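What follows is a single structure, written as structure tokens, with notes after it.
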Amino acid sequence: MSIKLIFVINCGSSSLKFSVINPLTKERLLFGISEYFNNKNSYIKWIINHNEQKIEFNSITNHQIILNYLVKKILMKYPNIYNKIIGIGHRIVHGGENFTDSVIINSKSIEGIKQASIFAPLHNPVQLIGIKEISKIIPHLKNKQVAVFDTSFHQTLSETAYLYALPIHFYEKYKIRRYGAHGTSHKYVSKTAAKILNISLNEFNCISCHLGNGSSITAIYNGKSIDTSMGLTPLEGLVMGTRCGNIDPAIIFYMKNELNIKINKIYKILTEKSGVLGLTHLTSDFRYLENYYSKNKKIKRAIKIFIHNLSKYIASYTILLKEKINAIIFTGGIGENSILIREKTIKKLKIFGIFLDKELNNYMKLGKSGFINKKNSSIPILVIPTNEELIIAQDTFRIINI
Ligand code: AMP
């Protein structure tokens with residue numbers, strides 16, 4: 001059987017991650033990242049056959065320049081990979097209510113992505129640029145592109161979970177509601193956990209904690225998302241690296257009316273200057289925070305606030321899962337690696353009979369996957385490295401083969 005590969009493109013606001021994956025064997029043949037567009041530190045690095053290569057541009061770049069470079073100067077140099085690509089999968093941050101699953105990219109789906117841009121103004125427009133540009137660079141795959149949405153996994157939320165208690169016309173007319181995010185990650189880790197525990201996915205209940213620069217938590221019942229902490233945008237919910245998560249909305253009016261801070265600046269404060277960065281005035285990097293936890297009071301306080309919030313969410317989601325919780329899952333850069341955050345969070349859940357095995361917890365980092373609970377824990381606790389790219393590759397393969 002000839003090998004078929006999928007090219008996965010993830011356009012961020014000023015970065016681009018990419019990979020070429022075999023969706024059947026799950027092998028990642030080439031992957032990399034380009035960062036710092038719009039300034040002179042821009043670079044691209046990629047790994048192939050365990051060798052890392054890096055090019056620094058020393059000039060301003062953008063998504064178009066990088067995609068052209070990536071295909072013409074990198075991918076095409078490896079014809080044994082390039083010639084086997086049969087489809088392109090794009091990560092799209094927001095699908096609004098238009099998309100409950102991944103879709104083939106055509107004029108109708110592009111229109112839907114455009115409509116949802118209002119809820120993800122930093123992401124959807126650049127992801128549309130990615131689609132348009134790659135269609136020009138690899139024209140023979142123009143009609144073999146698939147959009148995979150961060151939001152579609154959460155389209156199973158009931159209106160009880162997705163409606164805000166605002167005047168209802170804000171939903172009916174303007175579609176203001178909870179959409180959630182990180183859906184691809186929650187979907188991947190819940191599928192993987194169900195497999196590990198040998199439970200059929202449509203009977204699998206879990207609480208999935210994706211803790212990274214952005215963090216969200218999802219309650220999954222019978223394999224489907226039933227509640228999630230991110231809202232209309234990824235600002236709501238848990239305390240994050242630089243995002244505030246839940247706050248009293250009246251704080252915004254106080255900042256504007258009493259402190260005379262302009263509304264755009266307030267948005268910047270809430271999204272880029274808050275979270276553990278804002279609380280410490282030091283960093284949003286949990287590696288650093290963890291190292292200085294017992295030495296620096298501000299860091300200790302910030303981590304305690306992070307854990308206070310996270311454990312409250314886990315506790316509240318347990319009641320949504322009714323009969324049985326099959327697993328609590330930790331993923332994302334922090335969830336996969338932070339021994340301290342996992343230990344302190346699980347300690348708070350003693351009331352549920354959930355217990356951590358310290359030795360297993362200490363071992364579980366840097367890409368390792370497995371259980372971290374004691375044998376007598378009422379609920380298994382798993383660490384599962386997320387793999388959003390694989391879901392994008394598999395969805396792309398599934399959809400272009402329909
Ligand atoms: P992500 O957005 O999923 O890439 O996660 C990024 C976050 O994971 C950052 O806050 C990192 O500091 C954190 N992280 C990565 N590696 C570690 C580690 N070994 N220990 C603690 N936190 C980590």
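Whatever order the structure lists them in is the order used to number ligands and atoms, beginning at 1. Note that the coordinates shown come from a computational prediction; the quantities given were computed from them, not determined experimentally.
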His210-ligand 1 polar pair, N/O distance under 3.5 Å: no
Contact list for residues 70-98, test ring-ring contact (aromatic ring centres under 6.0 Å, His included), sequence neighbours left out: His94-Phe119, His94-Tyr179
Between Tyr188 and Gln394, a side-chain donor and acceptor under 3.5 Å: no
Option set His182, Arg287, Met240, criterion heavy-atom distance to atom 23 (C) of ligand 1, minimum: Arg287
Residue and atom name of the nearest protein heavy atom (relative to atom 9 (C) of ligand 1), distance in Å to one decimal: Asn213 OD1, 3.6 Å
Element-labelled atoms of ligand 1 that are located less than 4.0 Å from some non-hydrogen atom of Gly212: 1 (P), 2 (O), 3 (O), 5 (O)
Ser338, any N or O under 3.5 Å of ligand 1 N or O: no
Any non-hydrogen protein atom less than 4.0 Å away from atom 4 (O) of ligand 1: no
Side-chain donor/acceptor of Thr331 to backbone N/O of Thr386, under 3.5 Å: yes
Where at least one partner belongs to residues 348-359, residue pairs that pass salt bridge (charged side-chain N to carboxylate O under 4.0 Å, His left out), sequence neighbours excluded: Glu343-Lys358
Distance from atom 21 (C) of ligand 1 to nearest protein heavy atom, with residue and atom: Glu290 OE1, 3.5 Å
Atom 11 (C) of ligand 1 - nearest protein heavy atom and its distance: Asp285 OD1, 3.7 Å
Nearest protein heavy atom with distance in Å, relative to atom 19 (N) of ligand 1: Asn337 CB, 3.4 Å
Donor-acceptor under 3.5 Å (Ser215 side chain, Gly212 main chain): yes
Under-4.0 Å heavy-atom contact with ligand 1, by part of Lys365 that carries it: neither
Residues His186 and Ser216: side-chain donor-acceptor under 3.5 angstrom: yes
Ring-face cation of Lys173 near Tyr171 (centre distance under 6.0 Å, axis angle within 45°): no
Atoms in ligand 1 with a heavy atom of Ser284 nearer than 4.0 Å: 10 (O)
Side-chain (Thr233) to main-chain (Leu235) donor-acceptor, under 3.5 angstrom: yes
Pi-cation contact, Tyr363 with Lys368 (under 6.0 Å, within 45°): yes
Closest protein heavy atom to atom 13 (C) of ligand 1, given as residue, atom name and distance to 0.1 Å: Ile334 CG1, 3.7 Å
The one among Gly332, Gly333, Gly335 that brings a heavy atom closest to atom 15 (C) of ligand 1: Gly333
